[in-house]
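All chains are named by letter (A, B, ...) in the order of the sequence lines, taking the proteins before the strands, and each is independently numbered beginning at 1.
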Protein chains: 2
Amino acid sequence: MLLYALLGILRYAPMSGYDLEQFISISITHFWNAKLSQIYRTLKKMEEDGLVVSEMQEQDGARSKRVYTITEAGIREFESWHTQIETELDEIKQPFLVRTFFMGTQDKDKIQQQMQVWQSLHEQHLNMFENVLPQNIERVKREHGIHPPQRDTFFWWTTLRFGILYEQMVLQWLAEMQQTIDQFDE
Amino acid sequence: MLLYALLGILRYAPMSGYDLEQFISISITHFWNAKLSQIYRTLKKMEEDGLVVSEMQEQDGARSKRVYTITEAGIREFESWHTQIETELDEIKQPFLVRTFFMGTQDKDKIQQQMQVWQSLHEQHLNMFENVLPQNIERVKREHGIHPPQRDTFFWWTTLRFGILYEQMVLQWLAEMQQTIDQFDE
DNA sequence: AAATCCATGTAAACGGTTACATGATTTG
DNA sequence: CAAATCATGTAACCGTTTACATGGATTT
């Protein structure tokens, strides 16, 4: 999967592994994250498969970097993945729901503690989606010198919008739950 | 993680690998799924670690099964995981949002096609959460002879409630997006 | 002077999926 | 009689994470 994310980004501009990590960390990190070690390994594999080519690029006053450029084959690979209609939903793995499922045997105040921690974390996330992340879209353009068509940025925005709706939904769920938990016996 | 789910279930009653898979498939499968092969491997590992013990149990007219019982150490392991307050949110990986992020270069009607497929899939899921899955809670009790305290079933219900709110939220997100997409030029 | 950023990579471990292998019993 | 269900397991593979290793340039 990381493969397709990397191809998708390299369509905008040639980049090094480090650059790609930076790009990811200010764009798709809230729904897809990757460690540098995995990025480097994946890029190596992609070059072997002819999806990208790399060359060392000297930099004045800084150490040189290996810059990857997407190939025709890489573009085709990305497009064949992307034009394919998905007819099944991704299977979601939500560890916190497993935890919730088995929460019945916990003490009332332990449960309330966890709920309050979750609430505050989701409030922070909501705030981030509403206030911090929108600026990142501008940062992507500025710091990576990328000027995508407006249709592209519309979809960047929708992923942020998803984050906002998701966090609001979780907060509602938590609030509902807390009402019943407050009425538990000690 | 599967480890904790298995321990959590085995607290209710001793079960075979096959039984556990059945239990999972009618209870937590919409936020945590596992293949039989993984369940068997995990149970084996758990027995080596002393978290469960197993014995072959003869059945009249059916092949015998290996029934696992949680040990004291297993209960302690589950509880030390479960009483620990989670202070960070799970990292979510949502491949469909990666797909969405890069959707800008697609043709308008390809995009609309995908949106409609997603919409119909989420409508199906919502229907499942509202109508099919609630019956599963009764099936768990009946088919596995498990009678958990009402507090336990409250939390089982909340995971269903999460599913309903999630699907409604996604449908809202899709509807919002579709409004803008409908106004795209060809 | 220390910490952070830039920059690249390797190796081992881990959790999960897919494929393979077997065979008895029950249901249509 | 065929298909589905019950039941257990192994082996290979794959993507991801964690830990290890290095070192120059910039900021505090």
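- Candidate nucleotides D/dA12, D/dT18, C/dA11 were compared by shortest atom distance to the side chain of A/Arg41, and C/dA11 ranks first.
- Taking atom NZ of residue B/Lys44 and atom P of nucleotide C/dC14, one finds them 16 Å apart after rounding to whole Å.
- Whole-Å rounding puts the A/Lys35 NZ to C/dC14 C1' distance at 13 Å.
- Projected onto DNA chain D by closest heavy-atom contact, B/Met56 and A/Leu3 fall at different nucleotides, the more 5' of which corresponds to B/Met56.
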### Query
Checking ring-ring contact (aromatic ring centres under 6.0 Å, His included) for the pair A/Phe162/B/Phe96: CA distance, chi angles, key distance, verdict?
CA-CA 11 Å; A/Phe162 185 92; B/Phe96 81 93; 5.4 Å; yes
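- When heavy atoms are screened at a 4.0 angstrom cut-off, B/Lys93 is found touching the sugar-phosphate backbone but no base atom.
- Considering only the side chain of A/Gln38, D/dT16 comes nearest among D/dT10, D/dT18, D/dT16.
- The side chain of A/Trp32 lies closest to D/dT16 when the candidates are D/dT16, C/dG16, D/dT10.
- Atom CD in B/Gln57 sits roughly 10 Å away from atom P in D/dT8 (whole-Å rounding).
- Between the side chains of A/Asp19 and A/Tyr68, no donor-acceptor pair of N or O atoms lies under 3.5 Å.
- Looking at the side chain of A/Gln22, the nearest of the listed nucleotides D/dT18, C/dC6, C/dG15 is C/dC6.
- When the C1' atom of C/dA7 is taken as reference, atom CG of A/Leu43 falls 13 Å away, rounded to whole Å.
- Each of C/dA7, C/dT17, D/dT5 was ranked by its minimum atom distance to the side chain of B/Tyr18; first place goes to D/dT5.
- One can find a donor-acceptor pair under 3.5 Å joining the base of D/dT18 and the side-chain atoms of A/Ser37.
- Between A/Pro95 and B/Trp32 there is a side-chain heavy-atom pair separated by less than 4.5 Å.
- Atom-to-atom, CD of B/Glu58 to P of C/dT25 comes out at 13 Å; the value is rounded to the nearest Å.
- Between the CG atom of A/Leu20 and the C1' atom of C/dC6 there is a distance of 15 Å, rounded to whole Å.
- A/Lys45 has its NZ atom 14 Å from the C1' atom of D/dT16, to the nearest Å.
- A/Asp182 and A/Gln112 share a side-chain donor-acceptor pair at under 3.5 Å.
- Picking from D/dG23, C/dT17, D/dT16 the nucleotide with the shortest atom distance to the side chain of A/Arg63 gives D/dG23.
- Using a 4.0 Å heavy-atom distance criterion, A/Leu36 is classed as a base contact.
- Heavy-atom neighbours of B/Glu48 CD from other residues, nucleotides or ligands within 6.0 Å: above the threshold of 12.
- In the set D/dA7, D/dG23, C/dG16, D/dA7 carries the atom at the smallest distance from any side-chain atom of B/Tyr40.
- Rounded to a whole Å, the CG atom of B/Asp19 is 10 Å from the C1' atom of D/dA7.
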